[in-house]
Amino acid sequence: MSGAFAFLSPDAAAPEGGFAPVLRSPLAHEIGRAPAGVADLSLALGKLEVYGAGASLDAPGAEVVPIAPGRFLVLCPYVRTAETRTALAGQGLLVVDRTGALGALELVGERVLRRLTDLDLDRLPAVGPVAHVRTVVLRDGDRFRLLFPQECGDSMLEAVIDALAGLA
Amino acid sequence: MRLLAQPGERIDRSREISFVFEGKRIAAFPGDTIGSALFASGRRIFSRSFKYHRPRGLLCCSGHCANCMMTVDGVPNVRTCVEPARPGAVVRAQNVRGSLDFDLMRIVDLAGGPFTPVGFYYRTMIRPRWAWPYYERFLRNAAGLGRIDRHAKPEPGRHDTEHRRADVLVIGGGEAGVAAARAAAQRGEGVILVDEGLGSLAEEFEGTGVEVLQPAVAIAMYEGGLVPVVAGRVLRRIRAGRVVVATGALEQPLLFPGNDLPGVMLPGAVRKLVRDFSICPGRRAVVIAADERGLGVVEELRAAGTDIVAEVDLRSAAPRAIEVKGRKSGVRSVSIDGRSYSCDLVVMSGGRQPAYSLLAQAGARVEYDEARGIFVPTGIPAGVEAVGSVTGAVGAAAIPPPVFRGASAGDRCVVCFCEDVTDKDVKRAVAEGFDSIELAKRYTTVTMGPCQGKLCQLASIRLYARENGTDEGAIGTTTARPPWTPVSLAQLAGRPLEVARKTSIHHRHEALGATILWTGAWRRAHSYGDPAVEVRAVREAVGVIDVSTLGKLLVIGPDAAAFLERLYPNRFGDLRPGRIRYGVLTTDGGRIMDDGTVARLSETEFYVTTTSTGAAAVVEWFGWWNAIWGMDVEIVDVTGAACAVNVAGPRARELMERLTSLDVSAEGVKYLDAASGRVAGVPALLLRIGFVGELGYEIHFPAPYGEYLWDTLLERGADLGIRPFGLEAQRVLRLEKQHIIVGQDTDSESTLLSAGLTWLPKLDKDDFVGKWAYELQQERGARERLVGFEMLSGTVPPEGAQVVRDGRIAGRVTSSRWSEAAGQPVGLAWVPPDLAQDGARFEIRVGGRLETASVHLSAFYDPDGERLRS
């Protein structure tokens, strides 16, 4: 991605002219209601969508999630977003910064996911509806990460909290 | 009175619980069902039938029929024979006027027979037509099942949906189902076993890896091995690699007069009462059975102390006539070929019919086995397996005649217990020409009640066959459809969840006291108190509106310009980098589908905005055409990635100069320019556009900075008189400029020609989507035109009001508001084409009156656009 789309990259902000930009997670207003085991990763991760790669993608130090043929979601620590973006763009790939577009939640336990999605939880990562929201679902043992449109953050969190309440 | 403890009884006699039935305390043991406890307390009448209000008692004790349905804790139609007794439950009878023992509506049975034959409501209550609503209300009050109490508090607890996966799903926990589950588990497969009984299969399978859901009911089978299973308050949607159906077979009733009286039971009900609940079902019993299993209850009854006064094996000698006579509480005697037997219990068994319904839903065929007189499933689809008696392994049985006539033939002979349909009803339906089972089903409603044909399908087919003079195979079965077992709508609905899309500034709008409304899936600020004040702020100072809901797309690639050229009627090939152009998308038929702006950021990069509610459709539209044309272009939806706010008003530039080092002067960022830079330290794309008709900057920036930049704008613009404005103010402002809102001012028939956007399509282009249609529309001329109008009377007409000409409806108002700038109400309306000239008059119907409007073709405010370009 060229500089023309820098307005999509949160990490392109910088203090200047007496201004000090403040990032806010899409879950910031509601995460306080969530029980233990639910964590907001929205601002902890850099999220880059890569177009034009082949069957696989090499992104050292980052997690590569295939989401469609030739398309990948690359996750990295937020502070490494710029360098990862530059490295991928250097390979001649189209890189779109999704950091601000996607909210991210981590939660523990398969049962709560079963209440929210019909995705096969043994075949993750996958993209599909979670609580009626198109979501990228990643799994690491009993821990799940959900990446979803940030504008659906309140709804997603509400659904997760409600589902957990149903299991309590 | 209970029997001495039976081996394997389900009840726990060590303690007692109680519930309330019709105001009386009923004692029960843990393990009892409400039905068993009521039966043990001496109750024999459990319900009144659907139409005739005939007394009904326990029939199947398996949750199959409607005979034991009652209202439990406010929930209607609970099958009490399988509903566990719980302390404090409040149980009430339903569909009665009076009491279960004395129901005034029984008059329908005693005297209403000649007036209520099958389908009577299709014939006798159709005239006068105006009276039908009254008839209907009367019928609904006179017949039916339970009622929902609309004034009741919401049912406590919750209903959830859970999605499950399994290698193997076994439906049915009988002998065959258990064996199949064990075998699959031994092969290392993940198994879920579903059983509707109240038993303890979970203990049996502990440590085997088989997950047991019990009591649980599989209500349907869909493609891809999807089986919804109701277990408690959770609907589990189970997807299995293989589904083993072991649903067993269903005991069938016999048809004879009085076969529905309390005290007439199926063998399974007798067994459950004796074995599970240690209850003696009757003192004197007559057993009439077509199979060994049915006759097998004789010994159990004897062991329970029941006197067997007659035992009829239909396999050896079938009587010609059977008739049960009743008294107030149930069976009094049974007459068999003229010989009368005094008894209080009649056990009837017409053999067993495989419970094939789920298999049929999965795609299996169902064929009649003439030798055995039952329907059996064949052609089981891949991924599904049938085991046990559902395959047809139900043992040898006599095929009973369709109906045993009684000596007096006085009482009703019930075919469908749920819907109160008798053998005479079926005969009448056939006589009236309903000779196909599907038509007859709809006319008689046989199989359409809560049992879903479990007890009446086979019996009704036998009757249809006899009345049509054909065989059961030729009649066939009705289509098996979900649900196989009744399920509450709450259970199907699960948790209420309506996804609300909120911009990253949403909580700031709430904090400012905004009225929030739905626009599509978005939640948006309608106003912050007084829209008129907000309008004034924009016209006189500066306002800011959250427009993050706009659809936003990147169109990137060497063919990006060519792609947009083919897609839009506009020209984009000549758009210079850094410039913006308004664009309207049309369908192949030349109808307006969406509009927005297209900014060219470089030779190969475009940033496209769409309407808020049209974004998803436009993304799909772009992708679809890209797939067809195969051009070298990527389309990326970045709607949620970027927040967008529009800063508008004569003092907008002053405010922007405080926030950015970009040259935002009239020369630095001209009208319809796009510029990149930081605003208050945030990376941003500035679009110089003006939907509301003032000097304006639409700032697009990363969504996580939404609240920060919003706060900063309000803080730094405070001394300039800045105000946030909502959708209502925006609608007024844009209306004063006659800027259309697609979907509000246009509909699915609107074209560029009729909307007056004739300057937009470039017909010298080789092609664009909708070009052929536009040329045709030009040839034929527009049938109506969208025009601005002023109301001379000063009344604001409602949106949607009729445009009237010569007393006839000639169009409609799409938008209307009071305009402070124009000093009168203004609006947009569809009118006949010849009225599309300044000053033309037409009438609008307002509250029954006709009021005059005058056409105004140019903007009501700043018609030359000087303020926009300033």
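In what follows, every chain begins at residue 1, and chains take the letters A, B, ... in the order their sequences are listed.
Per-residue counts of heavy-atom pairs under 4.5 Å with chain B were compared for L116(A), L119(A), D120(A); the largest is that of D120(A). Contact count versus chain A (heavy atoms, under 4.5 Å) is highest, among L659(B), L497(B), T549(B), for L497(B). Of the listed residues (P149(A), G17(A), G166(A)), the greatest number of heavy-atom pairs within a distance under 4.5 Å of chain B belongs to G166(A). The most heavy-atom pairs under 4.5 Å with chain A, out of T503(B), L601(B), T604(B), come from L601(B). Ranked by heavy-atom pairs shorter than 4.5 Å toward chain A, the options T660(B), I699(B), D637(B) are led by D637(B).
Ring orientation note: the planes of H507(B) and H29(A) are close to parallel, at an angle under 30° on the 30°/60° scale.
Pairing each heavy atom of K502(B) with each of D154(A), the nearest pair is NZ-OD2, 3.1 Å. Shown here for A4(A) and E605(B), the closest heavy-atom pair between the two residues is CB-OE1, 3.6 Å. For the pair G640(B) and Q150(A), the tightest heavy-atom approach, listed with the atom from each and the gap, is O-NE2, 2.9 Å. Nearest heavy-atom pair, S155(A) versus A500(B), reported as atom, atom and distance to 0.1 Å: OG-N, 2.9 Å. Taking every heavy atom of both residues into account, A131(A) and V499(B) meet most closely at O-CG2, 3.5 Å. The two residues A642(B) and F7(A) make their nearest non-hydrogen contact at CB-CE1, 4.4 Å.
Contacts of A165(A) with chain B are made by both backbone and side-chain atoms, with heavy-atom separations under 4.5 Å. Heavy atoms of A680(B) lying under 4.5 Å from chain A belong to its backbone as well as its side chain. T117(A) touches chain B through its backbone: at least one of N, CA, C or O sits under 4.5 Å from a heavy atom, while the side chain does not. Only the side chain of S676(B) comes within contact range of chain A, judged by heavy atoms closer than 4.5 Å. Heavy-atom distances place both the backbone and the side chain of R501(B) under 4.5 Å from chain A. With a threshold of 4.5 angstrom between heavy atoms, R236(B) approaches chain A through side-chain atoms but not through N, CA, C or O. Contact of P10(A) with chain B is made through backbone and side chain together, with heavy-atom distances under 4.5 Å. At a 4.5 Å heavy-atom cutoff, the contact between T712(B) and chain A is made by side-chain atoms alone. At a 4.5 Å heavy-atom cutoff, R600(B) makes no contact with chain A through either its backbone or its side chain.
A 4.5 Å side-chain heavy-atom check between R71(A) and V636(B) finds every atom pair outside the cut-off. Side-chain contact check for V234(B) versus R115(A): some heavy-atom pair is nearer than 4.5 Å. With a 4.5 Å cut-off on side-chain heavy atoms, R24(A) and P704(B) do not count as touching. For the pair L8(A)/L554(B), a side-chain contact is recorded, criterion being any heavy-atom separation below 4.5 Å from C-beta on. Side-chain contact check for R114(A) versus R165(B): every heavy-atom pair is 4.5 Å or farther apart.
Here CD of E162(B) is found 11.0 Å from CG of L113(A). Values are rounded to the nearest 0.5 Å. To the nearest 0.5 angstrom, E16(A) atom CD is 5.5 Å from S661(B) atom OG. Between the CZ atom of F19(A) and the CG atom of L709(B) there is a distance of 9.0 Å, given to the nearest 0.5 Å. Separation of atoms CD (E634(B)) and CG (L94(A)) is listed at 6.0 Å; rounding is to 0.5 Å.
Residue E620(B) qualifies as open at atom CD: its count of foreign heavy atoms under 6.0 Å is 12 or below. Counting non-hydrogen atoms of neighbouring residues, nucleotides and ligands closer than 6.0 angstrom, the CZ atom of R158(B) exceeds 12 such neighbours.
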**OP:** Kindly determine whether I556(B) and F5(A) satisfy side-chain contact (heavy atoms from CB on, under 4.5 Å), including the steps that lead there.
**Re:** CA-CA 11 Å; I556(B) 306 168; F5(A) 298 126; 3.6 Å; yes
Tell me, with the steps shown, if Y705(B) and L23(A) meet side-chain contact (heavy atoms from CB on, under 4.5 Å).
CA-CA 5 Å; Y705(B) 294 108; L23(A) 281 165; 3.4 Å; yes
### From CA spacing to verdict: side-chain contact (heavy atoms from CB on, under 4.5 Å), E49(A), V638(B)
CA-CA 11 Å; E49(A) 191 168 339; V638(B) 293; over 6 Å; no
ask   = Would R495(B) and D162(A) count as a salt bridge (Lys or Arg N to Asp or Glu O under 4.0 Å) if you check the C-alpha gap in whole Å, the side-chain angles of each, and the deciding distance to 0.1 Å?
value = CA-CA 9 Å; R495(B) 298 295 294 160; D162(A) 179 68; 2.7 Å; yes
